[in-house]
Protein chains: 2
Amino acid sequence: MAFTYDYPHPAVTTDIAVFSIIEDALHVALIERAADPFKGSWALPGGFVNMDEDLIDGARRELAEEAGVTPDQLDGLPFMQIGAYGRPGRDPRERVITVAFLTLVPMDRVKLVASTDAAKAEWFTMDDLPPLAFDHADILTSAREALSKLVSTTLTEEAKAVFSFLPQEFTLSQAQTMFETIQGQPLEKRNFRKWIQTHWDLEDLKKKTQGGRHRPAALYALNGLSKQS
Amino acid sequence: MAFTYDYPHPAVTTDIAVFSIIEDALHVALIERAADPFKGSWALPGGFVNMDEDLIDGARRELAEEAGVTPDQLDGLPFMQIGAYGRPGRDPRERVITVAFLTLVPMDRVKLVASTDAAKAEWFTMDDLPPLAFDHADILTSAREALSKLVSTTLTEEAKAVFSFLPQEFTLSQAQTMFETIQGQPLEKRNFRKWIQTHWDLEDLKKKTQGGRHRPAALYALNGLSKQS
DNA sequence: CCAAAAGTGTTGGAACTACACCCATGA
DNA sequence: TCATGGGTGTAGTTCCAACACTTTTGG
């Protein structure tokens, strides 16, 4: 079947930078392309947008299809638009404009499975990335910057997203490690604890971790943003 | 001539929110659509992207074509990408994904002329907007937010863009009025002057305005960002 | 001399930084 | 009892907000 237009149309894709924190290091999910162009290269998961779906839904679907993330794993995860990339020639096949998204997946539920279009799907440390297909290195750089900005600038509803990295019940030390990993710099423990408790509305679950051979830690959950800006 | 593809392709457009400050009020340039859909409605200038041009160049070209802004008027102006809008059904003709841009034009050199596709081109105060075609009201809201964020958050190279509103040589009072207009709130004079002089690298031109029937004001020019964050 | 905008310092509060020791648990 | 991470307060500094009067010019 063919589709005909009076004027030339570009193709439109979505690409998704899926971040997670694994062993205290920021990781991103990449797939190895099973088809040309860039067959064998690593790339961000993504693909063509269907005509009847919104951009963000296309991103979700492609992520499910290519990295084998099941829809319920994506449920409730924040998808943030980073921008559109449309340099002519960025795809050797035809004019392709891509809309890039960013998402964060929890430290715990994480499973990548190669499937359609992808030979493999794996986590890579941000410090040790392979060469990427298309202009995905640029996109990933912007995604990394957007992520940092989420925690460094003023508190917004969006910034809540960073807590997706944590399990629902978390300790302040886990939270601290997450912020340190995202910002790429160590934070002072007492100051961090003061800061997070004044800026975020944390619920004290009155529970403690158990099992470590050290003092148990109090568990918290995120309620929402604190009232004062 | 017809263009045929194996899979359906959406159309891709750019839309541009052109802001200026006129008589101390934030204005945006709108065109009255000369053709369906939304014939007779006001809309952001914009149009289809050519296959061989980058998104930002498409935005520049469309702005020139539709609002009669000459290329040299656009020279050196910052174009900032706001995001992609692709809700299915946002254009009644076919699937259209638009990439929205934001630009700022100086208080002085400003000329809008209706031309191709546009019955009229006019400046509107942001406080008194007509109903807009497509989802342009949403886009304009985001653009307005992006503009505010430019001045309210930390200093970046991007934030320099706000100085496009000012003539090359400006007084601190003009600068203050501009910041007030963008943020929509009055600023305290002494604090503002201290702030701008510590945060921006202003060159004192050792010149004064003349002609007002009041004390002459010192003229400044923007050099760049100050070293300290 | 009057109107109109330009210019100029100080003080209090809030927010952030730096810093070192004791506690609870499991092995 | 020791190793491991959890938990706590204070003092100095920096940054921001509030606030009112004098200066220079043209008419």
Side-chain angles (χ1 to χ4, degrees), chain A residues 21 23-24 107 151-156 159 166-167 169-181 183-221 225-229, chain B residues 21 23-24 107 148 151-155 159 166-167 169-181 183-221 225-229:
Chain A
I21 293 178
E23 285 164 16
D24 297 349
M107 290 166 140
V151 299
S152 69
T153 62
T154 42
L155 246 37
T156 60
L166 296 177
E169 306 190 340
F170 54 87
T171 68
L172 294 186
S173 298
Q174 284 178 300
Q176 180 174 348
T177 305
M178 173 193 75
F179 277 90
E180 287 173 332
T181 306
Q183 297 179 206
Q185 57 176 322
L187 300 169
E188 205 281 327
K189 185 160 55 159
R190 280 171 290 191
N191 293 341
F192 174 79
R193 283 163 179 254
K194 256 176 294 176
W195 177 85
I196 199 171
Q197 305 218 53
T198 54
H199 288 58
W200 294 91
D201 184 9
L202 299 185
E203 185 182 359
D204 184 344
L205 298 173
K206 315 277 185 203
K207 289 197 287 185
K208 306 250 163 191
T209 54
Q210 34 183 296
R213 81 155 172 273
H214 52 78
R215 177 171 174 179
L219 286 167
Y220 294 84
L225 289 177
S226 94
K227 313 91 218 175
Q228 73 208 32
S229 100
Chain B
I21 293 178
E23 286 163 14
D24 297 349
M107 291 166 140
S148 297
V151 299
S152 68
T153 62
T154 41
L155 245 39
L166 296 176
E169 307 189 340
F170 54 87
T171 68
L172 295 185
S173 299
Q174 284 179 301
Q176 180 175 346
T177 305
M178 174 193 74
F179 277 91
E180 287 174 332
T181 305
Q183 296 179 207
Q185 58 176 321
L187 300 170
E188 205 280 327
K189 186 159 56 156
R190 280 170 291 192
N191 292 339
F192 174 78
R193 282 161 181 253
K194 258 176 292 176
W195 177 85
I196 198 171
Q197 305 219 52
T198 53
H199 288 63
W200 293 91
D201 183 11
L202 299 184
E203 185 183 0
D204 184 343
L205 299 173
K206 313 281 184 197
K207 288 198 287 183
K208 306 250 161 187
T209 54
Q210 34 183 294
R213 78 154 171 271
H214 53 79
R215 178 170 174 176
L219 285 166
Y220 293 84
L225 289 177
S226 97
K227 313 89 221 176
Q228 73 208 30
S229 98

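Protein chains get the first letters and strands the later ones, always in sequence-line order, with residue 1 at the start of each. Excluded from the calculations below are hydrogen atoms, water molecules and symmetry mates; all remaining heavy atoms, backbone and side chain alike, are included.
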message = Is there, by distance only and without an angle test, a donor paired with an acceptor across the side chain of K208(B) and the base of dT23(D) below 3.5 Å?
response =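 Side chain to base: no pair present.
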message = Could you tell me how far apart Q210(B) (CD) and dA4(C) (C1') are, to the nearest whole angstrom?
response =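 So the two atoms are 17 Å apart, to the nearest Å.
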ask   = Taking the side chain of W195(A) as heavy atoms from C-beta outward, which of dG9(C), dC16(C), dA5(C) is closest to it?
value =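 Out of dG9(C), dC16(C), dA5(C), the nucleotide with an atom closest to W195(A)'s side chain is dC16(C).
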ask   = Whole-Å distance between dG5(D) P and Q174(A) CD?
value =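 Roughly 13 Å, once rounded to whole Å.
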Whole-Å gap separating C1' (dA20(C)) and CZ (R190(A)) =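 About 6 Å, once rounded to whole Å.
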key: Side-chain donor or acceptor of Q174(A) paired with backbone N/O of L166(A) under 3.5 Å   =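 Pair absent, no side-chain N/O of Q174(A) close to backbone of L166(A).
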ask   = So do W200(A) and Y220(A) actually touch side chain to side chain, heavy atoms under 4.5 Å?
value =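 Contact flag for Y220(A)/W200(A) side chains = no.
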Proximity to the side chain of H214(A) - top-ranked nucleotide from dA24(C), dA4(C), dT8(D) =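 That would be dA24(C).
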key: E203(B) side-chain N/O to L205(B) backbone N/O, donor-acceptor pair under 3.5 Å   =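 Side chain of E203(B) to backbone of L205(B): no pair is present.
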Least distance between heavy atoms, A175(B) atom then I196(B) atom =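 A175(B) and I196(B) have their closest heavy atoms at CB-CD1, 4.0 Å.
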request  = Would you state whether a donor and an acceptor, one from the side chain of K194(B) and one from the base of dT14(D), lie under 3.5 Å apart?
outcome  =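 No.
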key: Between dA15(C) (C1') and H199(A) (NE2): distance, integer Å   =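 Atom-to-atom, H199(A) to dA15(C), this comes out as 8 Å.
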Rounded distance in Å - CZ (F192(A)) to C1' (dC19(C)) =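 After rounding, the reported distance stands at 18 Å.
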query = Toward the 5' end of DNA chain C, which comes first, L219(B) or G211(A), by nearest nucleotide?
reply =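 It is L219(B) whose nearest nucleotide is closer to the 5' end.
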query = Can you find a heavy atom in the side chain of F170(A) that is under 4.5 Å from one in the side chain of L202(A)?
reply =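 They are in side-chain contact.
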request  = Quickly work out the N191(A) CG to dA14(C) P distance and round it to whole Å.
outcome  =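 These atoms are roughly 18 Å apart.
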task = Using only side-chain N and O atoms of S173(B), determine if any of them is under 4.0 Å from OP1 or OP2 of dA5(C).
result =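 The answer is no; no side-chain N or O of S173(B) sits under 4.0 Å from OP1 or OP2.
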key: Integer-rounded Å distance: dC23(C) C1' and R213(A) CZ   =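 For the pair R213(A) CZ and dC23(C) C1', the rounded distance is 17 Å.
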query = Between atom CZ in R215(A) and atom P in dA27(C), what is the gap in whole Å?
reply =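 Result: 18 Å.
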